[in-house]
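The structure presented is a predicted model; accordingly, all values stated were derived computationally and were not measured. Along the sequence shown, residues are numbered consecutively beginning with 1.
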Amino acid sequence: MSLAAGVVPDAVVAADPPCYSRAVNAWVCPEYVTRYAPELWDATVQHVLLTVSAVVLGFVLAVALALVARRRARMRSLLLGSTTLIYTIPSLAMFSLLAQATGLSATTVVIGLGLYSLSILVRNVLTGLDGVPDEVVEAATGLGYGRVRLLLRIEAPLALPVVMAGLRIATVSTVALVTLGTIVAYGGLGNMLANGLDDSFKAQVLTTSVLCVVLAVALDLLLVAFTRLVTPWTRGVAT
């Protein structure tokens, strides 16, 4: 998307050029938001879908890896080191490697960002499970709780506040990282941001940047509300 001066009649431009026209090119431009509302909405929806899909993928993988690390202590350092190493891979290289198998698609972005989130999520899942008091585990075991039941009924609920804290960090960081998906043309608001930077389209750059921040804050608040709902015993404790 480029500056709108080329599609607005010259007479209109001369009489009253909109703030998003090349002649004005204002940073703050409510007219731009109105004019490009459909494009902004589509980009925002794509941004949300990519973010949620990547975080869900990362969370499922993180839980599985954390459970493996708990059973095999020697695997813990290896898994934590591996997830940190993945996080250091430049996004350009990550998406280029994944694109060899998944092509220039949304799947490439989801897998790449899901892998990036492991660095945060695996640590928080492990920390949450490790924080369950031994006496609680021993008491539950004494009452006949098996391994699976102990995990689902006792350990997981007690670990949930720490896990949710990691999920919040992973979600907010993923909202920002989704913009890098513009490398493979699936960057949500990042696509419009990149086009705006290329065209020095100030209203587009500012609007899409603000929308990214608003989206990150909104998703974080949703996770805070969900955490308070499912962990009522933590209310009143700062998170």
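- Hydrophobic cluster membership differs between V214 and L189, with clusters built from Ile, Leu, Val, Met, Phe, Trp and Tyr side chains linked at under 4.5 angstrom.
- Scanning both residues, S117 and A54, for their nearest heavy atoms gives OG-O, 4.2 Å.
- Residues T174 and V178 are in side-chain contact: their nearest non-hydrogen atoms beyond the backbone lie under 4.5 Å apart.
- Using a 4.5 Å heavy-atom cutoff, the side chains of L150 and V137 are in contact.
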Assess whether ring-ring contact (aromatic ring centres under 6.0 Å, His included) is satisfied between F201 and Y32, documenting all intermediate values. CA-CA 10 Å; F201 194 169; Y32 164 80; 5.4 Å; yes
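- Checked options L167, L118, T171; the residue passing with F59 is L167 (criterion: side-chain contact (heavy atoms from CB on, under 4.5 Å)).
- Using a 4.5 Å heavy-atom threshold, the side chains of L219 and V172 count as separate.
- Looking at S53, its side chain never comes within 3.5 Å of a backbone N or O of L50 through a donor-acceptor pair.
- Residue pairs that meet the ring pair (Phe, Tyr, Trp, His ring centres under 6.0 Å) test with at least one member in residues 86-124, sequence neighbours left out, are Y87-Y116.
- The two residues C29 and A26 have their closest heavy-atom pair at CB-O, 4.3 Å.
- With sequence neighbours excluded, no residue forms a side chain to side chain contact (heavy atoms under 4.5 Å, CB included) with T34.
- Counting only residues at least two apart or in different chains, side-chain hydrogen bond (donor to acceptor under 3.5 Å, both in side chains) contacts with residues 63-78 comprise R70-E155, R76-D130.
- Under the side chain to side chain contact (heavy atoms under 4.5 Å, CB included) criterion, T107 pairs with T102, S105, I111, not counting sequence neighbours.
- Side-chain contact between S119 and I86: absent, with no pair of heavy atoms (C-beta onward) separated by less than 4.5 Å.
- Put simply, the side chain of H47 reaches to within 4.5 Å of the side chain of C212, judged on heavy atoms.
- Under the 4.5 Å side-chain heavy-atom criterion for Ile, Leu, Val, Met, Phe, Trp and Tyr, V63 and V230 are members of the same hydrophobic cluster.
- For the pair I120 and I169, the minimum side-chain heavy-atom distance is below 4.5 Å.
- Nearest heavy atoms, V205 versus G196: CG2-C, 3.5 Å.
- The OG1 atom of T208 sits 13.0 Å away from atom CD of E39, with the distance rounded to the nearest 0.5 Å.
- In terms of hydrophobic clustering, with Ile, Leu, Val, Met, Phe, Trp and Tyr side chains grouped at heavy-atom distances under 4.5 Å, L121 and F226 are assigned to a common cluster.
- A cation-pi arrangement, defined by a distance under 6.0 Å to the six-membered ring centre and an angle within 45 degrees of its axis, is present between R149 and Y145.
- Note on L177 and I89: same hydrophobic cluster, where clusters join Ile, Leu, Val, Met, Phe, Trp and Tyr whose side-chain heavy atoms are under 4.5 Å apart, directly or indirectly.
- The side-chain hydrogen bond (donor to acceptor under 3.5 Å, both in side chains) analysis of residues 175-192, with sequence neighbours excluded, yields the pairs T182-N191.
- Atoms OG1 and CG, from T51 and L215 in turn, are 6.0 Å apart once rounded to the nearest 0.5 Å.
- Two residues are said to be in side-chain contact when any heavy atoms from C-beta on lie closer than 4.5 Å; V110 and L57 meet this criterion.
- A donor-acceptor contact shorter than 3.5 Å links the side chain of Q204 to the backbone of M192.
- For the pair T231 (side chain) and T227 (backbone), a donor-acceptor distance under 3.5 Å is present.
- The distance from atom CG of L65 to atom CG of L61, rounded to the nearest 0.5 Å, is 6.5 Å.
- Here CG of L79 is found 8.0 Å from CG of L126. Values are rounded to the nearest 0.5 Å.
- Remark: L67 CG to M75 CE distance equals 12.5 Å, nearest 0.5 Å.
- Minimum interatomic distance between N25 and A203 (heavy atoms only, all atoms of both residues): OD1-N, 4.5 Å.
- The hydrophobic clustering, which links ILVMFWY residues whose side-chain heavy atoms are closer than 4.5 Å, places L151 and V125 together.
- Atoms OG and CD1, on S91 and I183 in that order, are 4.0 Å from each other to the nearest 0.5 Å.
- The shortest side-chain heavy-atom distance between L180 and L92 does not fall under the 4.5 Å cut-off.
- Partners of D220 according to the salt bridge (Lys or Arg N to Asp or Glu O under 4.0 Å) rule, which considers only residues two or more places apart in sequence or in another chain, are R168.
- In terms of modelled atom types and a separation under 3.5 Å, the side chain of N124 and the main chain of V163 share no donor-acceptor contact.
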